[in-house]
Amino acid sequence: MKDIVMEGDPVLEQVASEVNLPASKEEKETLEKMLQFIKNSQDQEIAKKYKLRAGVGLAAPQIGISKRMIAIHFEDLQGKVYSDGYFNPKIISHSVEKTYLSSGEGCLSVNREVLGYVPRYARITVSATNLAGKKVKLRLRGYAAVVFQHEIDHLNGIMFYDHIDENDPFIIPNHAKPCDIIEGNKTKSN
Ligand code: SB7
Ligand code: NI
């Protein structure tokens, strides 16, 4: 799984297909591997050895699989741990209020720095089926909401920079308050 698909590859521009539930053994194993990859990318020693960039999430299209699966692994500033794999994640409701990371976003599939604010919903509710096969509903805000939106976008062929205003990359989105990441994977939400 060192082979992350890079921008320009058509798989990153496709709308990924729904996973038929219950997921197959193979699909579950793939999602487990994606989660392990994300954990490894945050382990300094392993990351150095395998030259991995640290990520807080990964979407299946990024490993060349056009299916609706994402893996998430990070801890927010309140110490809440988000660590699971999700099948068919779907935003079922969202706030009017927006947010954006004051440091901008990056992507494991993008090997260059793209500057600018990426408008995101400040709060979202996501329905999904987790690795254990349980249907879950997640209420997310701040950084956690941003990460899930970034990953779900990958399932719809959307890259973070597609949201950046090309004429004015640092324009503050309407109805938006900034949100910060601290230490790469720790967050302060508003
Ligand atoms: C900044 C980075 C990410 C999400 C939100 C803000 C994830 C980076 C890793 N990925 O490319 C996952 O798709
Ligand atoms: Ni990405």
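Just so you know, ligand 1 is whichever comes first in the structure, and atom 1 is the first atom listed for that ligand.
E29 has no carboxylate O lying under 4.0 Å from a charged side-chain N of K33, or vice versa, which leaves the two without a salt bridge. Taking a cutoff of 4.0 Å between a charged side-chain nitrogen and a carboxylate oxygen, E75 and K80 do not qualify as a salt bridge.
Side chains of D153 and H163: a donor on one and an acceptor on the other come within 3.5 Å. S24 and E27 share a side-chain donor-acceptor pair at under 3.5 Å. Side-chain contact annotation: Y86 with E151, donor-acceptor N/O pair under 3.5 Å absent.
Under 2.8 Å from the Ni ion (ligand 2), one finds the following protein N/O/S atoms: C107 SG, H150 NE2, H154 NE2.
With hydrogens left out, the protein atom closest to atom 2 (C) of ligand 1 is G106 O, 3.4 Å, a heavy atom.
Using bins of under 30°, 30° to 60° and over 60° for the plane-to-plane angle, the ring pair Y82/F148 lands in the perpendicular bin. Between Y121 and H94, the ring planes are parallel. Angles under 30° get that label, and only those over 60° would be called perpendicular.
Using a 4.0 Å cut-off between heavy atoms, L101 contacts ligand 1 through its side chain alone, with no backbone atom that close.
For ligand 1, the atoms lying closer than 4.0 Å to a non-hydrogen atom of G57 are 9 (C), 10 (N), 12 (C). The contact set between ligand 1 and C107, taken as ligand atoms under 4.0 Å from a residue heavy atom, comprises 11 (O). The E151 neighbourhood of ligand 1 comprises atoms 7 (C), 10 (N), 12 (C), 13 (O), with distances under 4.0 Å to a heavy atom of that residue.
Between L108 and ligand 1, a contact under 3.5 Å exists for at least one N or O pair. Close N/O approach between H154 and ligand 1 is found [any backbone or side-chain N/O within under 3.5 Å]. Polar contact with ligand 1: absent for Y143 (N/O pair, distance under 3.5 Å).
Residues I92 and I124 do not share a hydrophobic cluster, defined by chaining ILVMFWY side chains whose heavy atoms lie under 4.5 Å apart.
Residues I63 and L58 meet the side-chain proximity criterion, which asks for heavy atoms closer than 4.5 Å.
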List, one per line, each side-chain donor-acceptor pair under 3.5 Å for residues 168-175, sequence neighbours excluded.
none

